[in-house]
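Notes follow once the structure below has been shown.
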Amino acid sequence: MRCLTLCVWLATVCCVSAWSQRPRNYDTHDYYALHIHPNTSPEQVASHLGLEHEGQLANIPDHHMFRCSKGHQDVVKDAIKELKARRRKRDAGSLDWSPLDAVLLNQKQVLRKRLVKRGVPKYPGQTRQLPPSLSPGSTIQKQVMTELGIKDPIFHEQWHLFNAEQPGNDLNVTGVWLDGVTGKNSTVCIVDDGLDMDSEDLRDNYYSAGSYDFNDKGPAPKPRLSDDRHGTRCAGEVSAVKNDACGVGVAYESRIAGVRILSAPISDADEAESVVYGYQENDIYSCSWGPPDDGRTMEAPGILIRRSMVNAIQNGRGGRGTIYVFAAGNGAPKGDNCNFDGYTNSIYSVTVGAIDRENKHPWYSESCSALLVVTYSSSNTDQIHTTDVGINKCTSGHGGTSAAGPLAAGVYALVLEVRPEATWRDIQWLQVMTARPFESDEPGSEWQETTLGRKFSHMFGYGRIDAYDIVEMAKTWKLVKPQAWYWSPWIHVKHEIPQGNQGVASTFEVTKQAMEDANLERLEHIQVTMNVEHSRRGDLSVELRSPSGIVSHLSVAREHDEHAGGYTDWTFMSVAHWGEPGVGNWTVVVKDATVNENKGSFVDWKLRLWGEAIDAKAQQLLPMPEASDDDDHDATTTAHVTTTDVTHPTKTKNPGANISHTPDRPVNVRPSDTGKPSSGQASISSPASGTTIVPIASPTTNPTTTSAPSSTAAPTTSATPTPSAAPDSFLPSPFPTFGVSKRTQIWIYASLALILIFCCSLGLYFYLARRRRLRANPRDDYEFEMLDDADDADGGARGVNGGLGGKKVGKKRRAGELYDAFAGESEEELFSGSEDEGGLYRDEIGGGSGSRGSEERVDEKGGR
Ligand SMILES: *[C@@H]1O[C@H](CO)[C@@H](O)[C@H](O)[C@H]1NC(C)=O
Ligand SMILES: *[C@@H]1O[C@H](CO)[C@@H](O)[C@H](O)[C@H]1NC(C)=O
Ligand SMILES: *[C@@H]1O[C@H](CO)[C@@H](O)[C@H](O)[C@H]1NC(C)=O
Ligand SMILES: CC(=O)N[C@H]1CO[C@H](CO)[C@@H](O)[C@@H]1O
């Protein structure tokens, strides 16, 4: 009997700790992802709410999944609301500690289809046929094939691996293979619409332990829908086996896993698990998808997904950090830019754009300051030839940035074979140091020389990938020290944005001392989080100028972006400042080049510098990201702020030109200024600094800065001694000032806090006493607690509804229901169009004129 109990207990523990413990069924159940204070057990919360604890979420500390039978309401949100209401009314017992106080974040899971594959875009013009490359090109190619024993029938067509027609325009990978490096012991995971593990070209490299189907719930991510071809094609590019089927992958002896998420709507919790599935064995995650590239979407992964990725960066791959590769996006014809996509502009992802076999920019590939590198893909001349779904099927019609990302992933598999201990940041460093710039006369492709002596272009990142160079450099690369960071306070600007030829500039000075205090030696990624109010988001553009004079175009005007809300706590990213020292003045310029009735103002911004630590031993790990950035908006601005207008060009092609050419960079010249960043004062730039500058925005007109910093700080600091578990959960905010002096306010709040603490202690004492009594009883103590709660009308209804469960609710939930008050996060838009976008994609793949021809050729080949 005892043994049986032990077995049951063990089984439960194992069940709970495993991932995707049981397939989730959203038809019959509701799922809640909760972040719980570590001093409270998930079981306590579950029993209080009448939920079933399913297990930890994606291995993120203190994050758990709960479920109950399907119902209409958000039981957690309702319970918290009700508790708050009772506390406001000071109902009997409502000041007792409740397990709900330990709930730091609640997210009821909603199935959504918002991610779009970045497959072959339809070419708007005439396609141009390059001479077919079917004949064994050069004698070198023949030699390589003989030496390596490559007999794959379409290897001649795989110009991205060896380009016989345009020598040099390829990955330069054959030399790596000849050195015996083929991706052995590296694992790439394709997060996509499935992976045909039965394909003869993938079977031998398929890694089933790292694979899962999150759409149809099961261990094998087999493609099931007619358009589930994308993932298999990407997998072939990485890891197609050297045999007599189709071609070979870049890392043809690597392991290849598949995680299927794009074939059906998916919840944030499932997505959070999908991007870390098997993250000790899967080294590299290749993601050729994202929010729609329609030139009007601005969307970032939800907080659970972001936390999951940070967890993988810190703990994945034995602590060296999971490597994420994201396709930049195909939205260039719609004026899209990869800084409007929170996946591609994450510091944790390598963002990969496309070039074609003539080293030209294909019309679809997006530019942005977060773009790290480019590599080969389709254009109007040729596409990518790779494996397709089927036993022995190939395609000659793969493309888009979707096809570029996996090639990069394959190259990193080669790098990891020679340097398995390289961290996620070493991969990015190696890429920055070895990517090859190339000639281009395309507007917008201008190269800037960086302080590292590398060249950066918003269209091509640091250039095209050279597999040989990156593998060679990796062999002797000195690993970087841990990541350190410096975050500025919120810098309040509150200034109207002039239209046309001017912009609002705001400067923040980073001192040498600040860098040293932050243990930050040299820079890697830069982020700017900002708030801009505007009645037409697409009119805005933003640039960032570093102390070294490097310009990042953080944002560009987007013709189709009609959104009336400007930027709300949006974080832009740049890799253009890689290797800079960082000390000095950083200037953000916000512009609205379109003269029309749509206007706005630049509210505030926050600079985040990331890079390499000075002292590795002193460096801490980054805490998990907060659900919302705006928590500390009202924190005292210790920044040194100037608000000036500068001229800027109307042309969007090279928005920085006129500013950079202004001879003495007037925004930085402020002769009479001696203020230190910590002085807490804002100052106005002197008009003497240049004729193009008109100092406006006297900061004293700004309500946030008029009040002396110390007085705004007072209520905030005196408010902090609230109970630690969930500080916002029951105290009404904002705190009234009672129109009395600061000292009196502190006194009042302190007394209130003391009374509160006393009451809480008393409540806790009684609660614990009662629990001790209850614990003596077996199992049904929880039932008792539930009934106890049912005294209150809503609580009772909740309990009953929990029991009614079986009733199926087919309706889709509104996205707004996703986040609760605790999360404080709001969705940009409802993205009701995203499913249509998916449909569009399918049309393109199935019947798009650009790819149809090649699809037919595929079928012929399939017959072989
Ligand atoms: C390609 O790799 C070879 C070594 O195999 C190297 O000598 C060459 O410089 C690399 N680059 C180009 C552009 O061919
Ligand atoms: C392959 O990787 C595993 C774990 O990552 C490691 O223990 C093993 O030594 C590696 N094998 C080779 C041949 O490098
Ligand atoms: C930054 O700008 C301020 C004001 O123009 C100036 O006083 C300061 O010297 C600048 N700092 C650096 C490092 O250039
Ligand atoms: C677009 C724009 O304003 N261009 C100006 C840049 O600066 C040059 C010379 O300073 C002007 O001639 C251009 O008109």
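Both ligands and their constituent atoms are indexed starting at 1 by order of listing.
- A centroid separation of less than 6.0 Å is found between the aromatic rings of Phe438 and Trp447.
- Ligand-side atoms of ligand 3 in range of Gly584: 13 (C), range being under 4.0 angstrom from any heavy atom.
- Trp578 has its side chain out of reach of Thr450: every pair of non-hydrogen atoms, C-beta onward, lies at least 4.5 Å apart.
- Between Trp586 and His577, the ring planes are perpendicular. Angles over 60° get that label, and only those under 30° would be called parallel.
- Ring geometry for Trp477 versus Trp429: interplanar angle of 30 to 60°, hence tilted.
- Protein residues are said to neighbour a ligand when one of their heavy atoms lies under 4.0 Å from it; for ligand 1 these are Asn172, Gly175, Arg436, Asp466, Tyr468.
- Considering only residues two or more places apart in sequence or on other chains, Glu521 meets the side chain to side chain contact (heavy atoms under 4.5 Å, CB included) condition with Lys481, Ile614.
- Val603 is not listed as a side-chain neighbour of Val493, based on a closest heavy-atom distance of 4.5 Å or more.
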